[in-house]
Amino acid sequence: MTDDLASAPLPADTVGLLEGLTSTRAIRRYRDEPVPPEALRAMLFAATRAPSGSNRQPFRFIVLTNGPKAQQAKQLIATAAQRIWTGKRANDGYDRGSGTVDDSPKARMAATMQRYTDDFARVPVLVLPCLVRYREPTPFEGASIFPAVQNLLLAARALGYGGVMTGWQAAAEPELRALLRIPENVELVATITLGRPQGRHGPVRRRPLPELVFGEQWEQPPSWAVDPEGVTFTAAGPPEQPVSRT
């Protein structure tokens, strides 16, 4: 298998770059089928081509599919995810207000998250991105790993797969470190699941461009910050905080 892959070209993209960038959704529902080695190889090759300051390349990826340790790691994170989601569902009121209306966005999100956490131990692929620290932690160290994470998710999209990133590994980190023999100087930074989507990718909804892009000063959008025709929007996001101006 290794020799065959070494001589094989990367598979062809199914989407163009801009289409992929604007249509890669968080995919939490997967078909019950494995992701073949040639697809994993292409995704991780793309991930490791990400920008890297001074070309240090401190990113590492633990890719877990169906081995015995993979099953244990999936179950560890599944248990943590179920506990976290149960608390969030209650604390954030997912079963109150519009959450009681079956087809509301709130109810649909609750149903999606419930299914995702219930089925987590059976995801086709679990990826644990890691950062090999070469200095003391800094507020900027995410720049050394998250571009590679985004490359991974975009490569999955290009090949007809999908995934989503969470931080659930943090709730099972001691057990994961022991199971996977992760050194102390290596930071577990995220949890990514991958698979063939049961649903589909599609246009990603965000706030209007003039609300997000400014020119000469804060909240002053440039004239070119105009959304393409036909784009739909969402107001979802954190509550707006008062801005102090001097």
Side-chain angles (χ1 to χ4, degrees), residues 24-35 61-131 142 145-146 149-150 152-153 156 161-180 182 186-202 204-206 234-241:
T24 298
R25 292 179 173 175
I27 300 295
R28 300 181 178 89
R29 296 185 298 134
Y30 309 109
R31 298 182 193 176
D32 186 17
E33 62 180 69
V35 179
F61 295 89
I62 302 175
V63 183
L64 302 160
T65 54
N66 58 3
K69 289 194 175 183
Q71 297 302 326
Q72 292 178 64
K74 290 177 186 180
Q75 188 58 61
L76 283 170
I77 297 179
T79 301
Q82 289 156 12
R83 183 176 68 252
I84 292 168
W85 165 243
T86 297
K88 180 176 176 63
R89 182 167 191 160
N91 294 336
D92 292 0
Y94 274 90
D95 297 310
R96 300 192 298 269
S98 64
T100 62
V101 180
D102 287 345
D103 63 346
S104 69
K106 193 175 182 180
R108 291 199 302 270
M109 176 55 73
T112 296
M113 289 301 299
Q114 189 65 54
R115 178 174 176 178
Y116 182 49
T117 55
D118 287 347
D119 294 345
F120 191 95
R122 296 186 291 277
V123 297
V125 181
L126 168 64
V127 181
L128 298 176
C130 301
L131 175 68
I145 179 67
F146 289 120
V149 168
Q150 180 71 347
L152 174 62
L153 292 169
Y161 295 92
V164 66
M165 181 180 75
T166 72
W168 287 335
Q169 82 291 338
E173 184 164 333
E175 297 86 351
L176 289 169
R177 283 187 175 277
L179 174 67
L180 303 172
I182 299 172
V186 174
E187 182 72 12
L188 274 163
V189 301
T191 296
I192 296 174
T193 54
L194 298 170
R196 184 78 71 180
Q198 282 194 8
R200 60 182 178 84
H201 287 281
V204 176
R205 293 191 303 149
R206 293 291 185 264
T234 179
E240 293 187 4
Q241 301 295 322

Mind checking the CG-CG spacing from L76 to L180? Nearest 0.5 Å is all I need. 8.5 Å
Inter- and intrachain pairs under salt bridge (Lys or Arg N to Asp or Glu O under 4.0 Å), touching residues 107-120, at least two apart: R115-D119, D119-R122
For V123, is there any backbone N or O sitting under 3.5 Å from a side-chain donor or acceptor partner on K74? yes
Grab the two heavy atoms, one from P129 and one from I145, that are nearest each other, plus how far apart they are. CB-CD1, 4.1 Å
With R83, which residues qualify under side chain to side chain donor-acceptor pair (under 3.5 Å), at least two apart? none
The criterion is side chain to side chain contact (heavy atoms under 4.5 Å, CB included); which residues satisfy it with A26, sequence neighbours excluded? R28, V164
Residues at least two apart in sequence or cross-chain that pass side chain to side chain donor-acceptor pair (under 3.5 Å) with Q72, listed by chain then number, are none
Begin with the C-alpha distance, continue with both residues' side-chain angles, and end with the deciding distance and a verdict on side chain to side chain contact (heavy atoms under 4.5 Å, CB included) for L176 and I62. CA-CA 11 Å; L176 289 169; I62 302 175; over 6 Å; no
Rounded distance [0.5 Å steps], CD1 in I84 versus CG in N91: 12.0 Å
Counterpart residues, side chain to side chain donor-acceptor pair (under 3.5 Å), relative to Y116 (two or more places apart): T193
Salt bridge (Lys or Arg N to Asp or Glu O under 4.0 Å) partners for K69, two or more places apart: none
Reported CG-to-CD1 distance for the pair L126 and I77, which is rounded to 0.5 angstrom: 4.5 Å
Below 4.5 Å, heavy atoms only, C-beta onward: do V204 and T24 meet side chain to side chain? no
Quick one: salt bridge (Lys or Arg N to Asp or Glu O under 4.0 Å) pairs with a partner in residues 189-200, sequence neighbours left out? E33-R196
Measuring from atom CD1 of I192 to atom CG of L152, what distance do you get when rounded to the nearest 0.5 angstrom? 5.0 Å
Not counting sequence neighbours, which residues clear side chain to side chain contact (heavy atoms under 4.5 Å, CB included) with A110? List them please. W85, R89, Y94
Kindly write out the residues that satisfy side chain to side chain donor-acceptor pair (under 3.5 Å) with R25, not counting sequence neighbours, or none if the list is empty. none
Looking at A121, is its backbone amide N or carbonyl O close enough to the side chain of Q75 to form a donor-acceptor pair, meaning the two atoms are under 3.5 Å apart? no
Here the side-chain hydrogen bond (donor to acceptor under 3.5 Å, both in side chains) pairs for residues 163-179, sequence neighbours left out, are Q169-T191, E173-R177
Give me each pair satisfying side-chain hydrogen bond (donor to acceptor under 3.5 Å, both in side chains) with a member in residues 97-107, each pair once, sequence neighbours excluded. none
Closest heavy-atom pair and its distance - Y30, L194: CE2-C, 3.8 Å
